[in-house]
Amino acid sequence: MQRNILVTSALPYANGPIHLGHLVEYIQTDIWVRFQKLRGNRCIYVCADDAHGTPIMLKARELGITPEELIERIGREHQDDFAAFGIGFDNYYTTHSQENRELSELIYERNREAGHIDSRTIKQAYDPDEGMFLPDRYIKGECPRCGAADQYGDSCEACGATYTPTDLINPVSVISGATPEERESLHYFFRLQDFETMLKDWARSGHVQPEVANKLEEWFQEGLREWDISRDAPYFGFRIPGTEDKYFYVWLDAPIGYMASFRNWCERHGEDFDAWWDADSDTELYHFIGKDIVYFHALFWPAMLHGAGFRKPTRICAHGFMTVDGAKMSKSRGTFIMAHTYRNHLNPEYLRYYMAAKLGSNVHDLDLNLDDFTQRVNSDLVGKLVNIASRSSGFITKRFDGRLAGELPAPEIYREFVARGEQIAEAYENREFSRAVREIMALADQANQYFDEEQPWVLARDESTLPQVQAICTQTLNLFRVLMVYLKPVVPGIAAGAEAFLNVDEQNWQSVQAPLLDHAINRFQPLATRVERAQVDAMIEESRETLAPKTDAPDTSGPLADDPIGDTVDIDTFARVDLRVARIREAARVDGADKLLRLSLDLGGETRTVFAGLRSAYAPEDLQGRLTVMVANLAPRKMRFGVSEGMVLAAGPGGDEIFILEPDSGARPGMRVK
RNA sequence: GGCUACGUAGCUCAGUUGGUCAGAGCAUCGCACUCAUAAUGCGAGGGUCGGUGGUUCAAAUCCACCCGUAGCCA
């Protein structure tokens with residue numbers, strides 16, 4: 001029976017380009033969708049740009065254009081990248097659409113009528129210069145617990161404390177630099193707690209992965225709380241009906257964007273939208289998302305839908321993040337790779353294959369190991385798979401005028417290949433792509449073994465055994481055809497090349513039931529070429545050049561824009577800061593502190609203990625023995641872990657981008673820096 | 001800090017309910033072959049399954065604690 005399946009990927013935010021981390025999700029989703037279509041199911045894949053919110057409003061202002069112009073421009077870039085990676089959306093739309101406005105209002109109104117919306121006045125930080133309320137991430141100040149400078153309004157990256165912006169010491173608006181005031185404002189809330197019973201039942205009945213269900217259990221135990229769904233003007237989004245200056249929070253209309261994109265598709269294809277979204281619809285709804293947005297998709301989203309009388313998702317499929325060579329993607333290391341940079345150097349089909357070879361149905365992170373990538377693509381795709389056609393087609397073309405034999409010499413092997421298709425299909429269906437790829441490659445090994453055992457190149461030397469050569473190659477090419485169909489969801493481009501070579505129409509899962517016999521094929525041309533490590537290196541180099549912190553002209557989005565040069569000070573003020581060269585004698589992690597390292601600094605006659613927030617960027621052993629610069633006359637500060645007797649100088653925004661200062665060779669501990 | 005996961009050969013990963021579970025691919029080494037994009041086939045070496053305790057006749061597999069890694073804390 002044909003299934004009707006609606007599939008979504010999370011909406012990319014319209015303020016920056018697509019990178020390899022994004023692509024894990026779109027490639028995973030696309031493989032599943034292509035598999036469903038290949039199996040003969042009706043599967044519609046929709047997505048959209050997530051176009052609303054404060055960051056987009058501010059980014060547009062920074063660029064001197066309207067938000068509409070910004071999201072239009074970014075949307076085009078996104079779609080261009082997706083097309084290059086073979087992501088076959090049935091519809092790609094934007095959340096800034098009439099359909100989305102109508103559906104957002106409808107879902108809100110229905111929930112409000114059912115009593116699931118509250119409103120009340122809350123206090124919030126307000127930027128008097130900009131005339132706007134400030135999200136937590138747009139306020140910075142000193143951590144109230146450990147005193148670390150330059151921390152965001154919601155949590156401290158140095159000590160991990162969480163708090164509200166009003167707790168910050170010396171808070172400033174990131175936008176204007178003004179000191180935020182506390183002001184009152186009326187906000188609207190979605191009563192998530194009304195849906196507790198329904199959500200528990202839903203979460204426990206197989207709609208999410210086990211790991212996700214565990215996480216949801218934890219949230220249930222903490223108790224569900226209402227969710228603030230409104231934001232004050234100015235805001236780029238949809239105004240809440242019945243208000244003058246309140247807007248829907250971007251996360252309210254983002255998932256509704258899935259519906260809106262689908263409605264847009266329905267209108268253009270004459271499809272009945274309601275049949276897919278009514279509470280009792282028998283269609284399936286799959287959402288592929290990253291593990292970071294489970295809360296929105298497995299709690300808020302089903303609750304909102306339920307409250308508005310719509311159907312709930314069939315399945316939430318969460319995946320992990322991508323790392324490169326075992327570490328978080330890093331701009332300075334060149335491993336923060338944009339989709340566009342990748343395709344300047346490498347074939348997108350290879351990334352699809354590599355990801356498929358490592359993706360399971362779990363939420364584990366996926367590591368792109370660059371050496372492994374190169375070897376795996378060359379070995380599996382070129383050496384094993386494509387090689388089957390390459391090594392057998394020459395005989396057919398040269399000796400038999402491109403014609404396959406009339407029957408298979410080993411039909412039992414062919415039947416086994418066909419039979420194995422069900423296990424492979426099951427793996428695809430359960431999103432166990434790595435298992436599917438393993439099975440396909442095991443069959444590819446079998447095909448190569450068959451060819452080796454039969455030794456057609458020996459038989460070709462004798463006229464009398466020539467018919468056997470044709471039979472063997474016919475068998476081998478038929479095995480190749482089966483394998484290409486099985487791998488078609490992963491590498492659609494290579495599969496299309498194989499179809500052209502085999503001179504057949506577009507293949508589907510059923511096509512392999514009957515072998516290709518007494519049939520003319522085309523001359524073989526390389527369907528995939530080997531990857532050279534130099535290509536990978538060139539890609540990394542380009543990433544580094546494009547994204548590493550720049551030192552030249554001021555950039556509208558560079559460090560100077562984010563953190564403008566401070567007020568002028570006179571030389572005497574500066575001279576009061578006593579900077580000294582110090583050697584790092586010891587560096588060690590601090591138990592209980594995620595961000596800190598304990599450093600023993602030799603000042604040439606005196607040793608100081610300093611706690612520095614370097615752990616996210618440096619391993620202790622990398623620091624030992626190095627020279628650096630410290631503030632030697634900073635007042636000691638008592639911390640939870642001991643007293644810090646100074647401060648080490650470092651640059652960078654944080655995370656893995658922290659760079660300690662190091663004097664030129666020849667400097668000795670204790671020397672003054674001036 | 002709390003929580004959710006993860007830590008198995010040099011690398012990337014499989015290992016359903018505890019009992020041929022110590023495996024695969026790649027890499028390395030040897031042999032064979034020459035049809036093929038130096039591709040393929042056969043074979044070999046390599047791991048006290050993060051650490052320490054515990055439960056059990058039996059643990060990579062269950063429990064506790066510790067170490068390391070990632071993410072979440074609305």
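A note on names: the letters A, B, ... follow the listed sequences, proteins ahead of strands, and every chain is numbered from 1.
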Using the [atom1] atom as the reference point in each nucleotide, state the distance between [N] and [M] in Å, no decimals.
{"N": "B/A44", "M": "B/C63", "atom1": "C1'", "result": "40 Å"}
{"N": "B/C13", "M": "B/C29", "atom1": "C1'", "result": "23 Å"}
{"N": "B/G1", "M": "B/A39", "atom1": "P", "result": "49 Å"}
{"N": "B/U61", "M": "B/C42", "atom1": "P", "result": "34 Å"}
{"N": "B/A60", "M": "B/U8", "atom1": "C1'", "result": "7 Å"}
{"N": "B/A58", "M": "B/A22", "atom1": "C1'", "result": "15 Å"}
{"N": "B/G41", "M": "B/C33", "atom1": "P", "result": "16 Å"}
{"N": "B/U55", "M": "B/G47", "atom1": "C1'", "result": "26 Å"}

Would you mind classifying the nucleic acid contact of [X] as base, sugar-phosphate or nothing, using non-hydrogen atoms under 4.0 angstrom?
{"X": "A/Leu216", "result": "nothing"}
{"X": "A/Pro526", "result": "base"}
{"X": "A/Gly290", "result": "nothing"}
{"X": "A/Arg399", "result": "nothing"}
{"X": "A/Gly383", "result": "sugar-phosphate"}
{"X": "A/Val382", "result": "base"}
{"X": "A/Asp445", "result": "sugar-phosphate"}
{"X": "A/Ala389", "result": "nothing"}
{"X": "A/Phe296", "result": "nothing"}
{"X": "A/Lys215", "result": "base"}

Please tell me which of the listed nucleotides, [options], lies nearest to the side chain of [X]?
{"X": "A/Ser379", "options": "B/G71, B/C26, B/A36", "answer": "B/C26"}
{"X": "A/Asn448", "options": "B/A36, B/C35, B/U40", "answer": "B/U40"}
{"X": "A/Gln375", "options": "B/U4, B/U37, B/C26", "answer": "B/C26"}
{"X": "A/Asp452", "options": "B/U34, B/U40, B/A36", "answer": "B/U40"}
{"X": "A/Val386", "options": "B/U37, B/C13, B/C35", "answer": "B/U37"}
{"X": "A/Asn387", "options": "B/A36, B/G71, B/G41", "answer": "B/A36"}
{"X": "A/Phe395", "options": "B/C35, B/C42, B/C26", "answer": "B/C35"}
{"X": "A/Asn369", "options": "B/C35, B/C13, B/U12", "answer": "B/U12"}
{"X": "A/Asp372", "options": "B/G25, B/U34, B/G41", "answer": "B/G25"}
{"X": "A/Asp292", "options": "B/G41, B/C72, B/U37", "answer": "B/C72"}

Rounded interatomic separation in angstrom, taking [atom1] from [X] and [atom2] from [N]:
{"X": "A/Asp365", "N": "B/U12", "atom1": "CG", "atom2": "P", "value": "14 Å"}
{"X": "A/Phe300", "N": "B/C72", "atom1": "CZ", "atom2": "C1'", "value": "14 Å"}
{"X": "A/Phe480", "N": "B/C35", "atom1": "CZ", "atom2": "C1'", "value": "16 Å"}
{"X": "A/Asn378", "N": "B/C26", "atom1": "CG", "atom2": "P", "value": "12 Å"}
{"X": "A/Glu454", "N": "B/A36", "atom1": "CD", "atom2": "C1'", "value": "17 Å"}
{"X": "A/Phe501", "N": "B/A36", "atom1": "CZ", "atom2": "P", "value": "14 Å"}
{"X": "A/Tyr353", "N": "B/U12", "atom1": "OH", "atom2": "C1'", "value": "12 Å"}
{"X": "A/Asp325", "N": "B/C13", "atom1": "CG", "atom2": "P", "value": "11 Å"}

Upstream residue (5' side of RNA chain B) when A/Asp367 and A/Val363 are each assigned their closest nucleotide: A/Val363
In terms of the nearest nucleotide of RNA chain B, which residue is placed more toward the 5' end: A/Ala528 or A/Val458?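 Checking each residue's closest nucleotide, the 5'-ward one belongs to A/Val458.
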Do [X] and [Y] have side-chain N/O donor and acceptor atoms under 3.5 Å apart?
{"X": "A/Tyr258", "Y": "A/His297", "answer": "yes"}
{"X": "A/Asp232", "Y": "A/Ser185", "answer": "yes"}
{"X": "A/Asp365", "Y": "A/Thr323", "answer": "no"}
{"X": "A/His319", "Y": "A/Lys291", "answer": "no"}
{"X": "A/Ser9", "Y": "A/Thr29", "answer": "yes"}

When the ring planes of A/Phe248 and A/Tyr108 are compared, do they come out parallel, tilted or perpendicular, using 30° and 60° as the limits? perpendicular
For the pair A/Trp301 and A/His287, name the ring-plane relationship: parallel under 30°, tilted 30 to 60°, perpendicular over 60°.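 Geometry flag for A/His287 against A/Trp301: perpendicular rings.
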Hey, could you give me each pair passing ring pair (Phe, Tyr, Trp, His ring centres under 6.0 Å) that has a residue in residues 362-405 of chain A? Not counting sequence neighbours. A/Tyr354-A/Phe373
Using a cut-off of less than 4.0 Å, is there contact between a side-chain N or O of [X] and OP1 or OP2 of [N]?
{"X": "A/Arg376", "N": "B/G25", "value": "no"}
{"X": "A/Gln455", "N": "B/U40", "value": "no"}
{"X": "A/Lys358", "N": "B/C13", "value": "yes"}
{"X": "A/Arg435", "N": "B/G15", "value": "yes"}

Base-pair map of RNA chain B as dot-bracket, where | denotes pairing with a different strand and pairs are Watson-Crick or G-U under 3.5 Å: (((((((..((((.........)))).(((((.......))))).....(((((.......)))))))))))).
With sequence neighbours excluded, what pairs up with A/Gln470 under the side-chain hydrogen bond (donor to acceptor under 3.5 Å, both in side chains) test? none
Cation over ring, A/Arg231 on A/Tyr249, under 6.0 Å and within 45°?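 Pair A/Arg231/A/Tyr249 counts as cation-pi.
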Within 45° cone of A/Phe189 ring axis and under 6.0 Å: A/Arg120 NZ or CZ: yes
